[in-house]
Amino acid sequence: MADKVKMTRPELRTRRDVLARYERYLPTLSLKQQKLQLAVLEHVQRLHALEERVDKNRDALKKYDCLFSRPSGFDIKGARKPARVLEGRRSIAGVELPYLESAQFDEPSYSFFSTAPWTESAIALGRELERSTIERNVARRRLDRLRRELRRVNQRLNLFEKVMIPKTR
């Protein structure tokens, strides 16, 4: 049911002001939508690159799988786990997004003479795999956040274009 409109001059002025406000807000929403669409496309490409890097690192680490099963007196899998993961926040089109600032690893203490010669390269590959996996997970959260915000902006844009402005006119 449509709102009853009073046929008075002040009501007409109020309606014109509201319409002008809606039409002034519409280009801002449209610009935000464009920025978010561009950001989503860029982050999708970045996420695909990160997923390829994780797969490449996982394949490279598979060479050492048979060596991990042998007891060496040193916890290689534990040495590749990050001690601290620092995330930061950045804003794109007014949306706060998480970014990986750093993944810090503790230096393992082991004897170079009592461990196998491949230990250091296995630890380095494992750390790179962990870092890229964490970065990929952060990128997924970032992309989900961008997509949610883009959906909200699209809904608002449609609301103003298809409902509010025609109703006010």
Side-chain angles (χ1 to χ4, degrees), residues 22 24-110 112 115-165:
Y22 289 163
R24 207 172 35 242
Y25 186 57
L26 197 61
T28 306
L29 264 179
S30 180
L31 182 63
K32 186 172 183 175
Q33 178 193 31
Q34 291 171 4
K35 282 186 176 183
L36 287 173
Q37 286 173 339
L38 183 64
V40 165
L41 289 176
E42 289 173 358
H43 281 81
V44 164
Q45 292 172 352
R46 210 176 286 165
L47 181 62
H48 286 306
L50 284 170
E51 287 176 347
E52 287 176 10
R53 192 168 79 187
V54 166
D55 291 340
K56 184 184 82 166
N57 289 336
R58 189 173 288 130
D59 290 341
L61 198 61
K62 280 185 182 178
K63 294 187 290 187
Y64 296 103
D65 276 348
C66 63
L67 301 174
F68 287 147
S69 62
R70 295 182 186 165
S72 63
F74 176 67
D75 183 20
I76 294 174
K77 291 185 179 185
R80 69 183 208 197
K81 296 291 180 191
R84 288 168 298 286
V85 177
L86 300 175
E87 285 186 12
R89 300 270 178 214
R90 293 185 191 158
S91 178
I92 295 180
V95 182
E96 289 290 320
L97 301 174
Y99 278 88
L100 179 67
E101 285 185 5
S102 67
Q104 300 170 351
F105 298 90
D106 289 335
E107 285 301 317
S109 60
Y110 58 91
F112 291 110
T115 56
W118 51 265
T119 304
E120 284 203 25
S121 60
I123 290 173
L125 274 173
R127 286 181 174 181
E128 182 59 33
L129 175 64
E130 289 295 323
R131 183 179 290 115
S132 56
T133 302
I134 292 168
E135 195 172 349
R136 180 195 62 193
N137 293 340
V138 170
R140 282 181 180 166
R141 288 195 336 240
R142 190 170 49 236
L143 186 60
D144 289 343
R145 178 73 194 252
L146 279 171
R147 285 181 173 157
R148 269 196 319 260
E149 187 64 26
L150 180 61
R151 188 173 62 242
R152 281 185 53 223
V153 168
N154 283 338
Q155 288 170 349
R156 283 184 183 172
L157 198 62
N158 286 336
L159 174 70
F160 278 100
E161 283 181 340
K162 295 183 171 70
V163 178
M164 301 299 285
I165 291 175

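Nothing here was measured: the structure is a model prediction, and the numbers come from that model. Heavy atoms only: backbone and side chains are in, while hydrogens, waters and symmetry mates are out.
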Discussion item. Between R140 and N137, is there a side-chain heavy-atom distance shorter than 4.5 Å?
Written reply: yes
Worksheet item: Which heavy atom in A139 sits nearest to a heavy atom in L47, and how many Å separate them?
Response: CB-CD1, 3.9 Å
Worksheet entry | By side chain to side chain contact (heavy atoms under 4.5 Å, CB included) - contacts of E149 (at least two apart) | K32, L36, V95, R152, V153
Worksheet item: Can you name the residues that form a side chain to side chain donor-acceptor pair (under 3.5 Å) with R156, not counting sequence neighbours?
Response: none
Worksheet entry | Of all pairs that satisfy salt bridge (charged side-chain N to carboxylate O under 4.0 Å, His left out), the ones with a partner from residues 33-50, not counting sequence neighbours | none
Practice prompt. Measure the shortest side-chain to side-chain distance between L41 and Q37 over non-hydrogen atoms and say whether it is less than 4.5 angstrom.
Written response: no
Item to complete: Test salt bridge (Lys or Arg N to Asp or Glu O under 4.0 Å) on D55 and R58 and set out the steps.
Response: CA-CA 5 Å; D55 291 340; R58 189 173 288 130; 3.8 Å; yes
Item to complete: First locate atom CG of L143, then atom CG of L97, and finally report the distance between them rounded to the nearest 0.5 Å.
Response: 9.5 Å
Worksheet, complete the sentence: In terms of heavy-atom contacts, V54 and L129 come closest through O-CD1, 3.7 Å
Worksheet, complete the sentence: L100 and R131 have their tightest heavy-atom pair at CD2-O, 4.2 Å
Discussion item. Show me the pairs that pass side chain to side chain donor-acceptor pair (under 3.5 Å) and involve residues 89-101, at least two apart or across chains.
Written reply: H43-Y99
Fill in: Residues E130 and R127 bridged, charged N to O under 4.0 Å
no
Worksheet item: From E135 CD over to E128 CD, what is the distance, rounded to the nearest 0.5 angstrom?
Response: 8.5 Å
Worksheet, complete the sentence: For N57 and S132, the nearest pair of non-hydrogen atoms, with its separation, is ND2-OG, 3.2 Å
Discussion item. Can you list everything that forms a side chain to side chain donor-acceptor pair (under 3.5 Å) with R147? Sequence neighbours excluded, please.
Written reply: none
Worksheet item: Partners of E52 by side chain to side chain contact (heavy atoms under 4.5 Å, CB included), sequence neighbours excluded?
Response: none
Practice prompt. For I92 and A39, work out which heavy atoms get closest and say how close.
Written response: CG2-CB, 3.9 Å
Response to the item:
For E87 and P98 the tightest heavy-atom approach is OE1-CB, 3.9 Å
Discussion item. As an exercise, state the distance from CG of L50 to CD1 of I134, rounded to the nearest 0.5 Å.
Written reply: 12.0 Å
